[in-house]
There are 2 protein chains.
Amino acid sequence: MKYTEAKEELIQAWGNLGYSWGLNKTMAQIHALLMVSPRSLSTEEIMQELSISRGNANMNIRALLDWGIISRILIPGERKEYFKSEKDIWALARQVAKERRKRELEPILKVLREVNDVQSDGSDEAKELKRVVKDLKNFAEKSDGLLETFIKSEESWFWNVVLKIMK
Amino acid sequence: MKYTEAKEELIQAWGNLGYSWGLNKTMAQIHALLMVSPRSLSTEEIMQELSISRGNANMNIRALLDWGIISRILIPGERKEYFKSEKDIWALARQVAKERRKRELEPILKVLREVNDVQSDGSDEAKELKRVVKDLKNFAEKSDGLLETFIKSEESWFWNVVLKIMK
DNA sequence: CTAAACTTTCAATACTTTTTGAAAGTATCC
DNA sequence: GGATACTTTCAAAAAGTATTGAAAGTTTAG
């Protein structure tokens, strides 16, 4: 397989994976591009490589900065901004986990804690609801704890544990 | 908080969580409704409760059946079909993990294995690409293994390990 | 200060996904 | 068989999301 072909396939594939991690397609592609690039790239170059508009590039670069998975590089003497991505995939996964926890898990935990106070009127429906809320809350809290552990973990430490699990 | 209010909030919240798990909003809401319902419901009842059309209800019920997270119930003497959901949340999570693994992780693993054969032409770009592919492949394979372990796990067993990790 | 080099915004547009509802299909009953 | 009670399909409409590009904004240099 040729280099450019491989690069395009990878950007495409990583784009899909990123999408399933909760980024959008362009975000994930920009990220992939920065991943495979040995030097940091300017907005202009990103637009070019991915054939996207300035606005689109700008918005998604900002979103990536916001997620904390790429960073701005200022090159002395240059006015343009350059960007590079986090290249350690575990660090990236931890960062994504952190953001998703904030965006997705926290809101549902809040609702579950509220709904937990529902007064049962003794009906089957209310009893079932109470049971489900209890289970969900328990699940969500445990997931939250696990995520937190993962987010704070050192790669090597995490690895050792995972290997132990999978043995 | 009142029962109906709590129920609606929960369906809403679960709808959002399900969405972030890769189900669509209606799918997740139907699932939530079945979760909190002490008895199985017919298509008609689901349409009613969620104010959705017959077509929509039908399509999403089929998708949920397809994911294997709800099941069809036939009540003797009745012609209608009823549906009930898996109520064990861990079993549900395992099922979702299984489907997503098939739909998302497997395709990227396939691409990574292909791209892995790229011939380096000695350029920095090609070297970087090779490095990234190697890392990603490693990561994806390890995630795949971990997911597999989770999917096949018994709840209690998994729990013990998780608790150990989090201690 | 003005021009140049950039970055950001945003209304319009294009694209994707979801939802609707009526029509077609299927199974069961008498 | 025909009527009834359902389920499924699917083209059209609506809703949601992403993308464009030109205009406005900002920063730096001279």
Side-chain angles (χ1 to χ4, degrees), chain A residues 11-12 14-34 40-67 70-84 99-100 103-104, chain B residues 11-12 14-34 40-67 70-84 99-100 103-104:
Chain A
I11 289 176
Q12 191 57 44
W14 189 240
N16 291 336
L17 188 67
Y19 192 78
S20 71
W21 281 18
L23 317 184
N24 77 29
K25 196 184 103 225
T26 308
M27 249 172 109
Q29 286 183 350
I30 294 176
H31 183 262
L33 177 62
L34 291 174
S40 52
L41 301 178
S42 67
T43 304
E44 211 75 33
E45 288 167 308
I46 292 169
M47 284 165 60
Q48 261 254 311
E49 287 267 4
L50 301 177
S51 313
I52 59 176
S53 72
R54 186 171 299 284
N56 194 10
N58 187 269
M59 273 194 65
N60 284 294
I61 287 170
R62 301 241 272 106
L64 287 165
L65 287 168
D66 197 48
W67 277 67
I70 68 173
S71 52
R72 230 185 271 269
I73 299 292
L74 293 171
I75 296 183
E78 286 233 42
R79 209 135 137 201
K80 265 200 268 282
E81 293 179 336
Y82 287 80
F83 304 94
K84 75 167 207 287
E99 286 296 321
R100 293 194 62 174
R103 287 165 207 236
E104 296 163 14
Chain B
I11 289 176
Q12 191 58 43
W14 189 240
N16 291 337
L17 188 66
Y19 192 78
S20 70
W21 281 17
L23 317 185
N24 78 26
K25 198 184 102 227
T26 309
M27 247 173 110
Q29 286 183 347
I30 293 176
H31 183 262
L33 177 61
L34 291 174
S40 52
L41 301 178
S42 66
T43 304
E44 210 75 33
E45 288 168 308
I46 292 169
M47 285 164 59
Q48 261 253 311
E49 286 267 3
L50 300 177
S51 313
I52 59 175
S53 71
R54 185 172 300 284
N56 196 11
N58 186 270
M59 273 193 66
N60 283 295
I61 287 170
R62 301 239 274 105
L64 287 165
L65 288 169
D66 197 46
W67 277 68
I70 68 172
S71 52
R72 227 185 271 270
I73 299 289
L74 292 172
I75 296 183
E78 286 234 41
R79 213 136 133 199
K80 264 201 270 278
E81 293 180 337
Y82 288 81
F83 304 94
K84 76 169 207 287
E99 286 295 322
R100 293 194 61 175
R103 288 165 208 235
E104 296 163 15

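We name chains A, B, ... by the order of the sequence lines, and we start the count at 1 in each one. Treat the numbers as computed from the prediction; the structure is a model and nothing was measured. Values below: all heavy atoms of this structure, side chains included; hydrogens, waters and symmetry mates excluded.
Of the residues in residues 54-63 of chain B, those lying under 4.0 Å from DNA chain D by heavy-atom distance are B:R54, B:G55, B:N58, B:R62. Of the residues in residues 21-32 of chain A, none has a non-hydrogen atom less than 4.0 angstrom from any atom of DNA chain C.
Smallest separation of non-hydrogen atoms from A:L50 and A:L33: CG-CD2, 4.0 Å.
Within the nucleic acid shown, A:E81 comes within 4.0 Å of sugar-phosphate atoms alone, with no base atom in reach, counting heavy atoms only.
Annotation: side chain of A:T43 is not in contact with side chain of A:K80 (no heavy-atom distance under 4.5 Å).
Residues forming a side-chain hydrogen bond (donor to acceptor under 3.5 Å, both in side chains) with A:E81 (at least two apart in sequence, or on another chain): A:R72. The side-chain hydrogen bond (donor to acceptor under 3.5 Å, both in side chains) check on A:S42 picks up A:E45, with sequence neighbours excluded. Applying the salt bridge (Lys or Arg N to Asp or Glu O under 4.0 Å) criterion to A:E49, with sequence neighbours excluded, gives A:K7. Partners of B:A32 according to the side-chain contact (heavy atoms from CB on, under 4.5 Å) rule, which considers only residues two or more places apart in sequence or in another chain, are B:I11, B:W14. For the side-chain hydrogen bond (donor to acceptor under 3.5 Å, both in side chains) test, residues two or more places apart in sequence or in another chain that qualify with B:N56 are B:N60. In this view, A:S53 satisfies the side-chain hydrogen bond (donor to acceptor under 3.5 Å, both in side chains) rule with no residue, not counting sequence neighbours. Applying the side-chain contact (heavy atoms from CB on, under 4.5 Å) rule to A:Q48 yields no partners; only residues at least two apart in sequence or on another chain are considered.
Within the structure, the salt bridge (Lys or Arg N to Asp or Glu O under 4.0 Å) test picks out the following pairs touching residues 51-63 of chain A (sequence neighbours left out): A:E44-A:R54.
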**Request:** Begin from the C-alpha positions of A:W67 and A:R100 and carry the test side chain to side chain contact (heavy atoms under 4.5 Å, CB included) through to its verdict.
**Result:** CA-CA 9 Å; A:W67 277 67; A:R100 293 194 62 174; 4.0 Å; yes
**Message:** Walk me through whether A:W21 and A:E99 qualify under side chain to side chain contact (heavy atoms under 4.5 Å, CB included).
**Reply:** CA-CA 11 Å; A:W21 281 18; A:E99 286 296 321; over 6 Å; no
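The line from CD of B:Q29 to CG of B:N16 is 8.0 Å long, rounded to the nearest 0.5 Å.
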Would you tabulate the nitrogen or oxygen pairs shorter than 3.5 Å linking the protein to nucleotides 1-4 of chain C?
from	atom 1	to	atom 2	distance (Å)
C:dA4	N3	A:R79	NH2	3.3

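Each of B:K80 and A:S53 was matched to the nucleotide of DNA chain D holding its nearest heavy atom; the match closer to the 5' end belongs to B:K80.
The outermost nucleotides of DNA chain D lying under 4.0 Å from heavy atoms of chain B, listed 5' to 3', are D:dT4 to D:dT9.
Distance B:Q48 CD to C:dT20 P: 14 Å, rounded to the nearest Å. Rounded to an integer number of Å, the gap from CD1 of B:I46 to C1' of C:dT19 is 16 Å.
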